[in-house]
Amino acid sequence: MIDRNGHASEPNEARVAERIRNLSPPQADPSFRERLKHEFVSGSFADRPRVVPIPPRRTRRRLRWAFGIAAAAACVTVVAALNQPPRWTALPSAGTGHLVVNGTPVPIHETAELTRRLEPGARVRLECTADLDLVSSGLIAMQLSPGTELVLPSPPGRWFGRSANASIARGLLRVTTGRRFSGARLAITTPEAMIRVAGTTLAVIAEPAGTCVCVLEGAALVRPHRGETTRISSGSRCEVPRGAHRSAMGEMRGTERPKLLDLRDRMRAVMN
């Protein structure tokens with residue numbers, strides 16, 4: 001027998017081909033035919049799942065880039081949020097009066113409202129009969145004496161943004177740092193000098209005669225404007241007279257020692 005390509009077939013192949021040609025066509029299942037007819041008439045076959053085309057390779061590459069950028073942005077947002085330090089909190093004061101925040105007087109006993117307004121960079125002035133404590137938990141505690149006017153620093157971040165800056169126009173500011181302050185820096189500027197704090201308890205006094213810095217523990221660096229830097233150790237003080245370019249060293253003021261000890265000891269619960 002000759003196949004359709006003109007080649008001679010083997011006897012066995014010929015017999016198999018003959019049997020296949022003699023087979024009767026398979027009968028469709030009646031239920032299947034009825035279901036197919038119903039779907040065709042009703043149009044319900046259009047609701048069947050369709051094959052989703054695979055996007056071109058270039059589109060897939062763009063999608064990967066978009067997902068990568070979105071993931072990186074999410075990571076940056078999370079890290080920035082975790083880096084945020086505790087905000088300034090006003091503690092209750094025994095005095096009466098106001099804290100003027102950016103020109104707005106707030107009663108000293110309204111600690112919640114004071115805390116809400118104490119943003120980094122705010123200019124504050126204490127018009128009160130007693131001291132006021134401000135705390136960034138675990139980082140810094142500051143005590144303002146009546147009449148003190150300063151610009152609030154931003155508490156140092158957890159991993160980055162670890163430098164903070166404050167300025168005192170006049171008055172007395174006591175500072176003690178906590179466990180989480182380690183590795184951070186605080187710069188305090190007065191009309192006569194700049195004081196750099198790196199983990200200590202100290203007082204910065206800006207008075208008409210000049211600036212005085214008293215260090216209870218730790219150390220601080222004092223540099224008169226246009227002058228040289230001096231390191232102050234525990235129990236010492238540094239005075240920079242107004243208009244002078246040099247500082248004078250001595251023993252810390254006796255009135256400041258008990259005040260600084262009290263501040264440090266009271267703040268241990270929120271500093272450790």
Side-chain angles (χ1 to χ4, degrees), residues 85 88 118-126 131 133-136 139-145 147-157 159-257 259-261 263-264 267 271:
W88 290 113
L118 292 176
E119 297 290 341
R123 182 174 293 276
V124 301
R125 184 176 69 255
L126 183 60
D131 298 331
D133 297 332
L134 307 179
V135 177
S136 175
L139 286 168
I140 313 176
M142 301 193 309
Q143 185 180 78
L144 285 66
S145 290
T148 300
E149 182 175 352
L150 76 151
V151 175
L152 284 178
S154 174
W159 300 298
F160 51 88
R162 306 226 66 205
S163 297
N165 296 279
S167 63
I168 305 175
R170 57 189 175 91
L172 193 161
L173 177 69
R174 300 182 181 96
V175 176
T176 186
T177 58
R179 177 177 54 84
R180 289 175 54 190
F181 189 83
S182 177
R185 294 291 183 271
L186 170 63
I188 304 173
T189 303
T190 71
E192 291 76 37
M194 174 179 287
I195 301 93
R196 295 192 179 276
V197 180
T200 184
T201 301
L202 81 168
V204 178
I205 309 164
E207 49 196 1
T211 295
C212 177
V213 179
C214 294
V215 177
L216 175 70
E217 60 185 9
L221 300 177
V222 177
R223 182 178 63 82
H225 300 317
R226 301 179 184 176
E228 296 181 354
T229 299
T230 301
R231 186 179 187 275
I232 316 172
S233 56
S234 302
S236 302
R237 82 173 188 274
C238 178
E239 293 185 347
V240 183
R242 178 150 296 184
H245 301 316
R246 292 186 178 181
S247 57
M249 298 291 294
E251 187 178 356
M252 69 178 296
R253 294 183 182 181
T255 55
E256 284 305 309
R257 184 178 294 276
K259 292 280 190 178
L260 290 171
L261 283 170
L263 176 67
R264 183 200 64 185
M267 295 301 161
M271 289 292 105

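All residue numbers in this chain count up from 1 along the given sequence. Because only heavy atoms are used, hydrogens play no part in the values below, and waters and symmetry mates are left out as well, while side chains stay in.
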K.L.:
Any chance you could lay out the side-chain contact (heavy atoms from CB on, under 4.5 Å) test for Glu207 and Glu239, step after step, and finish with the verdict?
P.N.:
CA-CA 11 Å; Glu207 49 196 1; Glu239 293 185 347; 5.7 Å; no
K.L.:
Does Val240 reach the side chain of Ser247, with side-chain heavy atoms less than 4.5 Å apart?
P.N.:
yes
K.L.:
So how far is it from Leu173 CG to Ile168 CD1, rounded to the nearest 0.5 Å?
P.N.:
4.5 Å
K.L.:
Return the minimal non-hydrogen interatomic distance between Ala169 and Pro191, and the atom names on each side.
P.N.:
O-CG, 3.7 Å
K.L.:
Can you tell me how far NE2 of His245 sits from CD of Glu228, rounded to the nearest 0.5 angstrom?
P.N.:
12.0 Å
K.L.:
Looking at Ile188, Val204, Leu221, which one forms a side chain to side chain contact (heavy atoms under 4.5 Å, CB included) with Val197?
P.N.:
Ile188
K.L.:
So, His225 side chain and Thr190 main chain: donor-acceptor pair closer than 3.5 Å or not?
P.N.:
yes
K.L.:
Under 4.0 Å between a side-chain nitrogen and a carboxylate oxygen: does that hold for Glu217 and Arg264?
P.N.:
yes
K.L.:
Work out which heavy atom in Glu192 is nearest to a heavy atom in Pro241; give both atom names and the distance.
P.N.:
CG-O, 4.0 Å
K.L.:
Hey, does the side chain of Ser234 reach the backbone of Gly218 with a donor-acceptor pair shorter than 3.5 angstrom?
P.N.:
yes
K.L.:
For Lys259 and Asp131, which heavy atoms make the closest approach, and how far apart are they?
P.N.:
NZ-OD2, 3.8 Å
K.L.:
Measuring from Met249:CE to Arg231:CZ, what's the distance to the nearest 0.5 Å?
P.N.:
9.5 Å
K.L.:
Between atom CG of Leu118 and atom OG of Ser136, what is the distance when rounded to the nearest 0.5 Å?
P.N.:
11.5 Å
K.L.:
Can you tell me which residue among Arg174, Met267, Met142 is in a side chain to side chain contact (heavy atoms under 4.5 Å, CB included) with Asp133?
P.N.:
Met267
K.L.:
What's the separation between atom CG in Leu172 and atom CG in Leu144, rounded to the nearest 0.5 Å?
P.N.:
9.0 Å
K.L.:
Looking at Trp88 and Pro155, what are the two nearest heavy atoms and their distance?
P.N.:
NE1-CD, 3.6 Å
K.L.:
So, Thr189 and Ser167: side-chain donor and acceptor under 3.5 Å apart, yes or no?
P.N.:
no
K.L.:
Is it true that a side-chain atom of Arg123 and a backbone atom of Glu149 form a donor plus acceptor pair closer than 3.5 Å?
P.N.:
no
K.L.:
Enter the distance from Ile205:CD1 to Thr148:OG1 here, rounded to the nearest 0.5 Å.
P.N.:
10.0 Å
K.L.:
Crowded around Arg196 CZ? As in, over 12 foreign heavy atoms under 6.0 Å?
P.N.:
no
K.L.:
Please identify which of these residues, Leu202, Leu260, Thr200, meets the side chain to side chain contact (heavy atoms under 4.5 Å, CB included) condition with Leu216.
P.N.:
Leu260
K.L.:
Can you name the closest pair of heavy atoms from Ala164 and Ser154 and give their distance?
P.N.:
CB-O, 3.0 Å
